[in-house]
Amino acid sequence: MIQQPLTPGAASGQDKVVGASLLTFSTVVFVYYTLWAIVMPFVDETYFLHAYFPPREYAIRIPCVLLVFGLTVVLTFLSMIMIKSKKKVEKKSA
Amino acid sequence: MTRATEAATFFGIIATVYLALLFQLLPISLPETVQDFTLPVLPWWALVTFGAYSLGNIGYHVLTFRDCPEAYDELQVQIAQAQNDLRSKGVTI
């Protein structure tokens, strides 16, 4: 097979949209969460910015809930695959 | 030192320092706000930062991915060739 020099182009339009939205979403999440969890405790209670953030306990509750939920989904998926593959092995040897 | 040992040592040191500060085992006294609010939140902040960094990294690389249609076509041809070759030798594809 003759190796022709490959000229890489750019990502397709839809890929660009997905990539850009992921990037901006993660940046927004990072900035918002950093402000919320780390900066706000040092800011005077009467400052206007506090109105944009929920009460501080939620800064711990939300990641905790998401973590538990995420782990549940991932491990359930993993265990279902393991059970299926074990059933396949039993079927083959039966 | 292997990579795994290096990573484990790094996290071990960070964890030790963090727990020592959290349970006030060192003779250092931090400002009250830091001790009561910042320290308990730091692991969750690290988790959120890691998640955001991972997602952003993926997004960035998807955005700047340099697509190559000729390589795709060439690869499809090679996949078809390999499949035919294996089938002729008796492997079930």
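First the proteins, then the strands, lettered A, B, ... as listed; each starts at 1.
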Looking only at atom types and distance, does a side-chain atom of Q35(B) sit under 3.5 Å from a main-chain N or O of L21(B), one as donor and one as acceptor? yes
Minimum side-chain heavy-atom gap I81(A)-K84(A) below 4.5 Å: no
For residues 43-60 of chain A, which side-chain N or O atoms pair as donor and acceptor with protein atoms under 3.5 Å away, sequence neighbours left out?
from: D44(A); atom 1: OD2; to: T46(A); atom 2: OG1; distance (Å): 2.8
from: H50(A); atom 1: NE2; to: V43(A); atom 2: O; distance (Å): 3.3
from: H50(A); atom 1: NE2; to: D44(A); atom 2: O; distance (Å): 3.4

Any idea which of L63(B), D36(B), V62(B), I58(B) has the most non-hydrogen atom pairs under 4.5 angstrom with chain A? L63(B)
Count the heavy-atom pairs under 4.5 Å between each of P31(B), S54(B), G59(B) and chain A, then report the option with the highest count. G59(B)
Do S79(A) and T76(A) pair up side chain to side chain, a donor and an acceptor below 3.5 Å, judged on atom types alone? no
F11(B) with I13(B), same ILVMFWY side-chain cluster at under 4.5 Å: no
Candidate pair D85(B) and Q81(B), rule side chain to side chain contact (heavy atoms under 4.5 Å, CB included), full reasoning: CA-CA 6 Å; D85(B) 188 35; Q81(B) 283 179 342; over 6 Å; no
Side-chain donor-acceptor pairs under 3.5 Å in residues 14-25 of chain A, sequence neighbours left out?
from: D15(A); atom 1: OD2; to: S12(A); atom 2: OG; distance (Å): 3.3
from: S21(A); atom 1: OG; to: V17(A); atom 2: O; distance (Å): 3.0
from: S21(A); atom 1: OG; to: V18(A); atom 2: O; distance (Å): 2.9
from: T24(A); atom 1: OG1; to: A20(A); atom 2: O; distance (Å): 2.9
from: T24(A); atom 1: OG1; to: S21(A); atom 2: O; distance (Å): 3.1

Against chain B, label L67(A) side chain, backbone, both or neither, depending on which of its atoms sit under 4.5 Å from a heavy atom there. side chain
Enumerate, atom names and distances included, each donor-acceptor pair closer than 3.5 Å involving a side-chain atom of residues 87-94 of chain A, sequence neighbours excluded.
from: S93(A); atom 1: OG; to: V89(A); atom 2: O; distance (Å): 3.1
from: S93(A); atom 1: OG; to: E90(A); atom 2: O; distance (Å): 3.2

Quick one: which residues of residues 37-48 of chain B reach chain A at under 4.5 angstrom, heavy atoms only? F37(B), T38(B), P40(B), V41(B), L42(B), W44(B), W45(B), L47(B), V48(B)
Tell me, out of T27(A), T34(A), V29(A), V28(A), who's got the most heavy-atom pairs with chain B below 4.5 Å. T34(A)
